[in-house]
2 protein chains.
Amino acid sequence: MLKTAMFRGLSASDVQKIANCLSIKKEKFNTNETIMSYNGNSTRIGIVVSGSADLVSDSYDGSRTILERYYENTLFGELFAPYTGADDPVVIASSPCEVLMFQSKNLMSPCKHACDFHDIFLTNIIHLLMQKTRLQSQRIEVLSCRSLRAKLMRFFELQAKDAGSNSFILPFSLYALADYLCIDRCAMQREMKKMREDGLIASKDKKIELL
Amino acid sequence: MLKTAMFRGLSASDVQKIANCLSIKKEKFNTNETIMSYNGNSTRIGIVVSGSADLVSDSYDGSRTILERYYENTLFGELFAPYTGADDPVVIASSPCEVLMFQSKNLMSPCKHACDFHDIFLTNIIHLLMQKTRLQSQRIEVLSCRSLRAKLMRFFELQAKDAGSNSFILPFSLYALADYLCIDRCAMQREMKKMREDGLIASKDKKIELL
DNA sequence: AAAAACAAGTTGCATTTGCAACACTTTTGT
DNA sequence: ACAAAAGTGTTGCAAATGCAACTTGTTTTT
């Protein structure tokens, strides 16, 4: 049925039992479709199976902040991120994507007939949560840099590490990158220009190379 | 033996079994003592039982960044936060504190004699991890604000919410607050002065009131 | 095939912020 | 009890950054 890290090490029949037990539903979304709204009392948990999604918050002044970015096997839901701003953050598909969704209470108090595979499933969930905290830590690491240049360099270094190469393609547009780094796009591109002039990077459109 | 959310719902004897199974050790630290260094290959996991600790990164130029702040029942360890900067981040007690520590591999592949209480324990760990992601999300929410004033207001609002009152005492010094918000302390205090003048807040030392 | 929407790139100018250098008070250590 | 260290509060000035207003090129829509 469903190939995802959440079910790693479990047989098809075990997966089926768990899916029934937790009332897991699979849903598909197109780019820019709304997947979930964090309206203050949502208790659903989602996991991205394929594609990607962003948690975004739009301000009245038109600026958009990407609060979190969800890739394959990322857990998401308001329980993980109870933002308190005036505006309700929204999870939006940033590419066509499939997600599994279930109610958190089913995870927290699983059915009584505790079976062997429950341990495996819970351990899988722990792995995914640890992965999530790692990604959040990376985000914090980048945002904690004091200057535009430092933010960009830290982000580029992480991307290069993921790509296993000094050159890579940005995973989003320069507009979205500025939103992700919480900086002004024009200022960002000005700084990238300086970094090119200083011989730190080579870049053209979304292609970046660390020198 | 050990009162912590990690063992919620478990009998003393079950706790003892789990503590043996995972080789959990309890340690005490005084303020400013180093609890753990994230040196690139640390696989220990800690949990704060009492007191608090900070994950800090000191730059060559003398500035210190508080990457994360660990309160009671917060899980920590390099596995959760594989920072890649040149400097090794270090976990330091910010007040006298007690922590439990164990090797992560023991969590991920618990002993073979799978007992009832394993489910409870794993569910507790999941709760703690979710709590951790919530705190990280708050941090990201604050850091994603574009101006000093917005950062301060968002942080103050979160503190007021926690305190259940419009007035509260800051959980750390103004130096540390500036580090936590990743901004210059002097600029921060200048902005707080303006906020006082604008009638947004009243503040004196570490006491803040939202108006 | 034209029009519209989106993305990348650039620059001047005003504002915000960081840095440095202070004074003053409170806490800590011996 | 005294000295040292840490914390709070302030300000001028320089540098970094945001904002607004553009141009150009590339997709997407009609």
Starting at atom [atom1] of [X], determine the distance to atom [atom2] of [N], rounded to an integer number of angstrom.
X	N	atom1	atom2	value
B:Arg190	D:dT8	CZ	C1'	15 Å
A:Tyr175	C:dA5	OH	C1'	11 Å
B:Asp198	C:dT16	CG	C1'	15 Å
A:Lys194	C:dG9	NZ	C1'	15 Å
B:Asn30	C:dT28	CG	P	14 Å
B:Leu174	C:dC24	CG	P	20 Å
B:Ile201	D:dG9	CD1	C1'	14 Å
A:Met192	C:dA8	CE	P	9 Å

Taking OP1 and OP2 of [N], is either one under 4.0 Å from a side-chain nitrogen or oxygen of [X]?
X	N	answer
A:Arg196	C:dT10	yes
B:Lys193	D:dT11	yes
A:Gln189	C:dA8	no

*Nearest-nucleotide wise, let me know which of B:Ala187 and B:Phe172 is further upstream toward the 5' end of DNA chain D.*
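By nearest-heavy-atom nucleotide position, the 5'-most residue is B:Phe172.
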*Using the C1' atoms of the five pairs at each end, what is the angle between the end axes of the helix from C:dA1-D:dT30 to C:dT30-D:dA1, to 10°?*
60°
To the nearest 0.5 Å, how far apart are [atom1] in [X] and [atom2] in [Y]?
X	Y	atom1	atom2	value
A:Lys132	A:Ile125	NZ	CD1	12.0 Å
B:Ile47	B:Met6	CD1	CE	5.0 Å
B:Glu209	B:Ser203	CD	OG	10.5 Å

Considering only side-chain heavy atoms of [X], which listed nucleotide, [options], is closest?
X	options	answer
B:Lys206	D:dT17, C:dA21, D:dT8	D:dT8
B:Ile183	C:dG18, D:dG18, C:dA8	C:dG18
B:Cys186	D:dT10, C:dG18, D:dT17	D:dT10

*Is the base of D:dG18 touched by the side chain of A:Arg185 through a donor-acceptor pair closer than 3.5 angstrom?*
no
*Salt bridge between B:Glu141 and B:Arg154, side-chain N to carboxylate O under 4.0 Å?*
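Answer for the salt bridge query: yes.
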*Under 3.5 Å, is there a donor-acceptor pair between the B:Thr43 and B:Ser104 side chains?*
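Distance-only check fails for B:Thr43 and B:Ser104.
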*asked:* Are more than 12 heavy atoms, taken from residues, nucleotides or ligands other than B:Arg196, located less than 6.0 Å from that residue's CZ atom?
replied: yes
*Counting only N and O atoms by type, is there a donor-acceptor contact under 3.5 Å from the side chain of B:Glu98 to the main-chain atoms of B:Val49?*
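Pair absent, no side-chain N/O of B:Glu98 close to backbone of B:Val49.
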